[in-house]
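The structure appears right after this line, and notes come after that.
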Number of protein chains: 2
Amino acid sequence: MPTPPSPRRPAPGQPRATLTREAVLDAAASLVRQHGPQGLTMRKLAAELGTAVTSIYWHVGNRESLLDALVERTVRELDEIRARGATPRARVLSLARTLRRELLARPHLVAMVHERGLTERMFLSAQQALLHEVHAAGLRGARAAEAVRAVQFTVIGHVLVERNRERAPVQRPGEPDLWDTRTAEDDRALARALARAPDAERVFTTSLRALVNGLLPPGTDGSAGSPDRSSGGTSDGPSDGP
Amino acid sequence: MPTPPSPRRPAPGQPRATLTREAVLDAAASLVRQHGPQGLTMRKLAAELGTAVTSIYWHVGNRESLLDALVERTVRELDEIRARGATPRARVLSLARTLRRELLARPHLVAMVHERGLTERMFLSAQQALLHEVHAAGLRGARAAEAVRAVQFTVIGHVLVERNRERAPVQRPGEPDLWDTRTAEDDRALARALARAPDAERVFTTSLRALVNGLLPPGTDGSAGSPDRSSGGTSDGPSDGP
DNA sequence: ACCTGAACACCGTTCAAGT
DNA sequence: ACCTGAACACCGTTCAAGT
């Protein structure tokens, strides 16, 4: 949310307004977003800010605590996610989609959060919100916990794979034949479903909707619209969607 | 680019014979497993091997392609995962558990695979195997693809969170009260289910079993509710691998 | 074919010294 | 309170020179 409103233009050697900790963090975050943590060197950062390398140390201590501050900021940003929508179902979907978008917007920072063991902390607010909706939909106890986790892991998994495809080597056209021959085993629809590289957001929304339909009990939501699936006797696991 | 030298066999017990590419990779992998990629410096590696820093360059080119080779090796190792068990259900579970174990055994290397966009490639073999079982259980087309992805994402999600807990800051005792007050909302069982830090493997197996029960159509498997496994030991995975 | 030390450019960090 | 350059230890990499 806090965007760079800094009036500073990076003109190396040019005197400017006083250097502030916020300005250092902004410039550092920008470098990390573009080139990852190893693209952030104290000397490049100083050049970007037009100061001496050593000035930075006064404001942020050292490189490690600078990265820590960036991580802290990221956690705080992800913590501000709120649900939107009328029904629990819609609100869960909105949470998942927002989560996905925010994670994809800062992959390097998210990776740094993970390295520092703060992934769960980062998800805490979203987890609480998911929990609230799942509760509102009627789930309790272990069932509710499972549902929250399922959504969370699905988001993580999708983001991971998407992020991976972005930086994947060429492979995109040659990919299908990994699946064709006997791999997909006489099931062409499956082969396509697995090998295709379509609109990632659509795929995400679709499979998440299916998951939510399987997880949440029917009837809490007018928009359910799908014929109820019979699950055998005791089994109550998530079914599919449309 | 330097060509790979002939596969000469170094004396098994002896730490110091002639320097070989394999020996370099082994030592490098060991350093990465212990301290992560940034713990691998060419100079430390040379010290470890008892050679001059520059000798390494003859065998592996440079640091970047050394890391590439490590990644390649990791992908190859994860590619060797095989299913075990009698029923599709059991085989899916065994695949997931083996996958989890192998991923947890080399978190840094897995992260490097991901950075290079090879995550999907690394999962390819497991994905094919999962697909085979899901097919055997009777799923087809998009349903089968969804099931494979669900298992895959669940494994990834669990490994991510587990890994995260390992390196998380203290927080373990203070964690529950994040959930207590109005967070878990009058549902104490839920609060405990979400905040607890119990045997991670058990949690994994339990939620995966639930997922599989929900995904696979009933009737293909007689052992639906069998209370067979209660031992804590890791009993199913093939301990193949280098 | 394999190994070596010297040398270079870059890095994070400290510190005495400035204002 | 803030900023600075010099200096140090460490890094990856190149290269001419050894065997």
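Chain A is the first sequence line, chain B the second, and so forth, proteins listed ahead of strands; every chain is numbered from 1. Below, all heavy atoms of this structure are taken into account, side chains as well, without hydrogens, waters or symmetry copies.
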- Item | Euclidean distance for C1', D:dC8 against C:dC11 (whole angstrom) | 12 Å
*asked:* Please report the distance separating the C1' of C:dA16 from the corresponding atom of D:dC3, rounded so that it comes out in whole Å.
replied: 13 Å
Tell me the interatomic distance from [X], atom [atom1], to [N], atom [atom2], rounded to whole angstroms.
X: A:Trp58; N: C:dT14; atom1: CH2; atom2: P; answer: 16 Å
X: A:Tyr57; N: C:dG12; atom1: OH; atom2: P; answer: 6 Å
X: A:Leu19; N: D:dA1; atom1: CG; atom2: P; answer: 17 Å
X: A:Met42; N: D:dC3; atom1: CE; atom2: P; answer: 14 Å
X: B:Leu49; N: C:dC3; atom1: CG; atom2: C1'; answer: 13 Å

Tabulate below the donor-acceptor pairs under 3.5 Å that side-chain atoms of residues 61-69 of chain A make, not counting sequence neighbours, or state none.
from	atom 1	to	atom 2	distance (Å)
A:Asn62	OD1	A:Glu64	N	3.4
A:Asn62	OD1	A:Ser65	N	3.0
A:Asn62	OD1	A:Ser65	OG	3.0
A:Arg63	NE	A:Leu40	O	3.1
A:Arg63	NH2	A:Pro37	O	2.7
A:Arg63	NH2	A:Leu40	O	3.2
A:Glu64	OE2	A:Arg116	NH2	3.2
A:Ser65	OG	A:Val60	O	2.6
A:Ser65	OG	A:Asn62	N	3.2
A:Ser65	OG	A:Asn62	O	3.2
A:Asp68	OD1	A:Arg116	NE	2.7

Salt bridge (Lys or Arg N to Asp or Glu O under 4.0 Å) pairs touching residues 30-44 of chain A, sequence neighbours excluded, are none
Residues in residues 61-69 of chain A with a heavy atom under 4.0 Å of DNA chain C, by number, are A:Asn62, A:Arg63
Numerically ordered, the residues 33-40 of chain B set in heavy-atom contact under 4.0 Å with DNA chain C is none
Residues pairing under ring-ring contact (aromatic ring centres under 6.0 Å, His included) where one sits in residues 148-168 of chain A, two or more places apart or in two chains, turn out to be A:Phe153-B:His158, A:His158-A:Phe204, A:His158-B:Phe153
Nearest heavy-atom approach of B:Ser125 to B:Ile81 is OG-O, 3.9 Å
In terms of heavy-atom contacts, B:Met42 and B:Ile56 come closest through O-CD1, 3.6 Å
Examine distances only and state if a side-chain atom of A:Ser30 and a backbone atom of A:Asp26 form a donor-acceptor pair shorter than 3.5 Å. no
Residues passing the side chain to side chain donor-acceptor pair (under 3.5 Å) test with A:Gln152, sequence neighbours excluded, are A:Gln127
Writing each nucleotide of DNA chain D 5' to 3' as (, ), [, ], | or . by Watson-Crick or G-U pairing under 3.5 Å yields ||.|||||...|||||.||
Contacts of [X] that satisfy salt bridge (Lys or Arg N to Asp or Glu O under 4.0 Å) - sequence neighbours left out:
X: B:Arg163; result: B:Glu166
X: A:Glu162; result: A:Arg100
X: A:Arg97; result: A:Glu201

In plain terms, say whether B:Arg106 and B:Glu102 are close enough for a salt bridge, that is, a side-chain N and a carboxylate O under 4.0 Å apart. yes
Please list each protein N or O that sits under 3.5 Å from an N or O in nucleotides 5-10 of chain C, with the distance.
from	atom 1	to	atom 2	distance (Å)
C:dG5	O6	B:Thr54	OG1	3.1

(Q) With a cut-off of less than 4.0 Å, is there a side-chain N or O of B:His59 near OP1 or OP2 of C:dC3? (A) yes
Check your understanding: Between A:Ser55 and D:dC2, does any side-chain N or O lie under 4.0 Å from OP1 or OP2?
Key -> no
Side chain to side chain contact (heavy atoms under 4.5 Å, CB included) filter on A:Ala129, not counting sequence neighbours, yields A:Leu95
*Is there side-chain contact between A:Arg21 and A:Leu25, with heavy atoms separated by less than 4.5 Å?*
yes
